[in-house]
Amino acid sequence: MGQLLTRQLLLHTIQSSQMTRWFDLSMLSGTLREIAVSSLLGDRFDCRASMTSLPQPDYYDYDVKDAPTFWFDYTADVGDGWNPTYAIASLLCEPSLSVQGAPELPTGPGRLLIMGGDQVYPTANREAYEQRLVVPYRAASYCPQENGSRPSDLFAIPGNHDWYDGLGSFLHLFARERNLGRFRTRQHRSYFALKLPHGVWLLAIDGALSGEIDFGQTLYFHNLVRTHIQDGDRLILCTAKPDWVASDATASKEQATLFDFEEELLAVAAQSGRPHIAIVLRLSGDLHYYKHFESTEAGREVHSLIAGGGGAFLHPTHTASEDQVQKESEESTPPATSFRLTKSFPSPQESRAQTRGSLFLFRANPSLWLVLLLIYVLSGLAYSLAGSEILQGAIERTYGSRTAGVATAATLQVLVLCAHALALFGCCYALVDVSKQRQRAATTWEERDRFRIAIQHAMVHIVPYALLQLGNSLFDHFYYSEAAPYHAGHSVRSNLIAMSIAVVCSLLSAIVFWAYLQIALSRYGRHANDAFAALRIEDYKNFLRIEVKPEKLVIYAIGLRRVPQHWEVVEPFQEGTPCVVPASGEALRPELIERFEIARPPIAS
């Protein structure tokens with residue numbers, strides 16, 4: 001990795017690095033293949049088991065005693081389209097960042113940059129990392145290759161998209177001390193611990209694809225608590241997925257989830273004579289928005305942030321299923337923990353507005369309509385061939401009966417319609433089933449009624465098409481066969497009408513598909529990922545700047561409401577400055593989503 005940064009390379013990257021078209025057939029099939037392979041082999045070939053042999057210190061020490069202040073930056077879900085990825089990279093590298101409403105914001109990049117998962121989309125490979133992550137971050141703050149020193153260190157944990165190639169490309173980039181613009185990677189494993197000033201620790205956890213924390217990783221953090229973390233120190237937990245939203249319903253009892261990990265870690269701390277070690281902040285991505293949750297745990301207030309706005313498509317914030325979440329406890333005590341939503345970006349009203357005026361899904365995903373068009377045209381062609389006069393005549397000559405020819409053709413046409421209906425039903429059922437797997441609640445309307453929902457959805461696609469094709473066949477049979485002698489023009493006319501019906505119904509099917517996603521999202525809060533993946537919204541990005549002080553943590557959530565769509569390459573490249581800037585008439589206008597403080601918990605006597 002590390003091509004020479006040139007104007008031609010930047011222009012090519014800007015043009016080619018578009019937001020992932022999740023409903024493109026070739027992309028979708030490739031992603032599904034990677035997911036299937038990684039899911040089948042993930043548990044049997046978990047590379048985390050071999051990481052214990054890699055040389056990594058117990059922790060990375062950033063406890064600068066004489067520094068007046070210390071801060072670090074956090075972003076997640078980054079390497080997708082150029083526009084949002086580079087926009088956030090530019091703000092992270094800006095030496096004099098100014099945000100309205102935050103006069104006390106540390107203006108320069110942090111000493112550390114933490115990437116919280118899913119550093120590339122749609123699947124991991126070295127070329128994708130280079131194009132979608134490395135080039136944008138190198139261009140955001142130019143550093144000559146021959147200059148070996150870097151002012152900031154970069155650490156990352158893998159998300160599910162990083163895991164789709166078994167973590168090979170992730171480790172190649174992040175675990176070999178490589179330069180990435182103004183940043184240099186330091187870690188040698190997919191999990192790590194950072195000692196920050198004033199008794200603050202950041203523990204970065206790799207949950208792989210299933211969310212399970214392996215035994216070797218658990219031992220690593222338990223040993224850290226026993227030997228290095230002191231009583232009264234504060235912990236920041238960093239995970240690729242927000243376990244307080246996602247895992248209570250999807251994880252089996254055998255899996256070591258984040259909540260289990262936290263309980264065991266604090267139990268080890270108490271057994272080691274450090275009962276006042278406290279978790280004060282959770283950081284996570286995976287969901288592409290900003291949400292701030294608060295909870296009271298063991299008498300202390302804990303803040304849990306989802307800040308997955310580093311570059312991927314926007315997720316909706318107006319679905320209520322994730323706003324009131326509880327961490328269930330198998331014991332009667334302690335009681336279930338309630339996570340209360342206090343802030344979201346975009347607001348629910350802004351999020352809801354993004355779905356308006358988007359009825360024609362194929363505008364953002366033209367390949368989806370092309371796939372539907374192909375299905376309908378093939379079906380229409382098969383339907384026309386099944387009812388052709390050539391086939392009917394052959395059967396009539398073989399059996400000596402006109403009725404046998406007509407009956408055989410009608411039967412074949414019905415079978416074609418049934419095959420078409422079965423294919424569409426399979427797609428609708430798979431869509432509902434995938435949505436069910438992504439839901440956070442243990443019992444959902446998809447889980448109870450997904451067969452009925454798929455039937456209803458498929459029927460809306462199938463019935464108009466079947467009625468039109470059958471009507472065309474009946475009209476052709478009774479009018480032309482009875483009222484006029486047959487000639488070749490009849491067949492041509494019938495076939496053209498059948499193809500026209502297929503084209504029109506493919507357009508209607510695309511509209512029905514989007515309408516289904518709209519209704520499921522707006523009325524039931526389902527299919528949020530599918531609907532917004534189709535919209536491919538680049539705006540409403542975010543990142544965090546966290547200041548570590550002796551008495552408190554100060555968290556600044558920075559938002560970017562509009563992402564520039566056009567860029568200009570600036571030459572000659574100068575060290576420490578961006579190689580690409582927004583085109584004339586466009587600008588980066590960051591804003592403060594919120595600022596809040598986390599005071600050091602008092603130590604009980």
Side-chain angles (χ1 to χ4, degrees), residues 19-20 22 74-78 80-81 83-88 90-91 99-102 242 245 284-294 303-325 339-361 363-365 438 440 514-515 517-545 555-565 582 586-596:
M19 297 291 286
T20 301
W22 292 102
Y74 174 91
T75 187
D77 301 275
V78 289
D80 196 350
N83 292 339
T85 299
Y86 183 76
I88 292 298
S90 297
L91 295 178
V99 177
Q100 185 176 6
V245 170
S284 186
D286 191 57
L287 299 173
H288 310 157
Y289 50 55
Y290 174 82
K291 280 190 177 183
H292 177 191
F293 295 85
E294 293 180 358
H303 298 261
S304 301
L305 305 181
I306 302 174
F313 69 87
L314 178 69
H315 272 135
T317 60
H318 65 277
T319 57
S321 59
E322 296 162 359
D323 295 350
Q324 293 291 335
V325 189
F339 292 82
R340 305 173 299 277
L341 177 68
T342 63
K343 186 69 176 181
S344 63
F345 178 82
S347 68
Q349 294 77 17
E350 292 171 319
S351 173
R352 190 175 291 106
Q354 299 302 310
T355 64
R356 297 169 186 161
S358 302
L359 182 63
F360 295 97
L361 178 64
R363 286 183 177 178
N365 297 271
R438 288 185 177 133
R440 316 308 187 192
W514 177 241
L517 293 180
Q518 286 273 54
I519 294 171
L521 176 63
S522 60
R523 293 188 60 183
Y524 303 101
R526 304 301 187 235
H527 288 297
N529 187 79
D530 307 305
F532 272 67
L535 290 174
R536 301 164 58 234
I537 298 171
E538 297 182 334
D539 297 324
Y540 296 99
K541 296 297 169 271
N542 65 79
F543 70 95
L544 304 176
R545 182 154 289 175
I555 292 87
Y556 298 89
I558 311 299
L560 185 63
R561 195 171 297 271
R562 293 289 178 265
V563 170
Q565 300 297 303
E586 300 195 67
L588 294 169
R589 297 183 177 88
E591 61 184 83
L592 182 68
I593 300 174
E594 68 170 340
R595 174 192 181 277
F596 65 95

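The shortest distance between side-chain heavy atoms of His292 and Phe596 falls below 4.5 Å. Looking at Ile558 and Leu592, their side chains come closer than 4.5 Å, going by heavy atoms from C-beta outward. Residues Val78 and Ile88 fail the side-chain proximity criterion, which asks for heavy atoms closer than 4.5 Å. Counting heavy atoms from C-beta on, the side chains of Tyr86 and Val563 never come closer than 4.5 Å.
Nearest heavy-atom pair across Leu588 and Pro590 is O-CD, 3.3 Å. For Met19 against Glu538, the heavy-atom pair with the smallest separation is CG-OE2, 3.1 Å. Heavy-atom minimum distance, Ala87 versus Leu560: CB-CD2, 3.7 Å. Ser351 and His318 make their closest contact through OG-ND1, 2.7 Å (heavy atoms, listed as atom of the first residue, atom of the second, distance).
In this structure, CG in Leu91 is found 12.5 Å from NZ in Lys541, a value given to the nearest 0.5 Å. Expressed to the nearest 0.5 Å, how far CG of Asp77 lies from CG of Leu287 amounts to 8.0 Å. Rounding to the nearest 0.5 Å gives a distance of 7.5 Å between CZ of Phe532 and OG1 of Thr317.
Under the rule for a side-chain hydrogen bond (donor to acceptor under 3.5 Å, both in side chains), Ser344 has no partner lying at least two apart in sequence or in another chain. Under the side-chain contact (heavy atoms from CB on, under 4.5 Å) criterion, Ala307 pairs with Tyr74, Tyr290, Asn542, Leu544, not counting sequence neighbours. Arg589 meets the salt bridge (charged side-chain N to carboxylate O under 4.0 Å, His left out) test with no other residue; sequence neighbours excluded. Residues passing the ring pair (Phe, Tyr, Trp, His ring centres under 6.0 Å) test with Tyr540 are Phe345, sequence neighbours excluded. The salt bridge (charged side-chain N to carboxylate O under 4.0 Å, His left out) check on Glu591 picks up Arg561, with sequence neighbours excluded. Applying the side-chain contact (heavy atoms from CB on, under 4.5 Å) criterion to Ser284, with sequence neighbours excluded, gives Thr239, Pro242, Trp244. Partners of Glu586 according to the side-chain hydrogen bond (donor to acceptor under 3.5 Å, both in side chains) rule, which considers only residues two or more places apart in sequence or in another chain, are His566. With sequence neighbours excluded, no residue forms a side-chain hydrogen bond (donor to acceptor under 3.5 Å, both in side chains) with Ser90.
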Quick one: side chains of residues 309-316, donor-acceptor pairs under 3.5 Å with protein atoms, not counting sequence neighbours, listed by atom name and distance.
| residue | atom | partner | partner atom | Å |
| --- | --- | --- | --- | --- |
| His315 | ND1 | His288 | N | 2.9 |
| His315 | NE2 | Asn529 | OD1 | 2.7 |

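No cation-pi contact links Lys291 to Phe293, judged by a cut-off of 6.0 Å to the six-membered ring centre and 45° from its axis.
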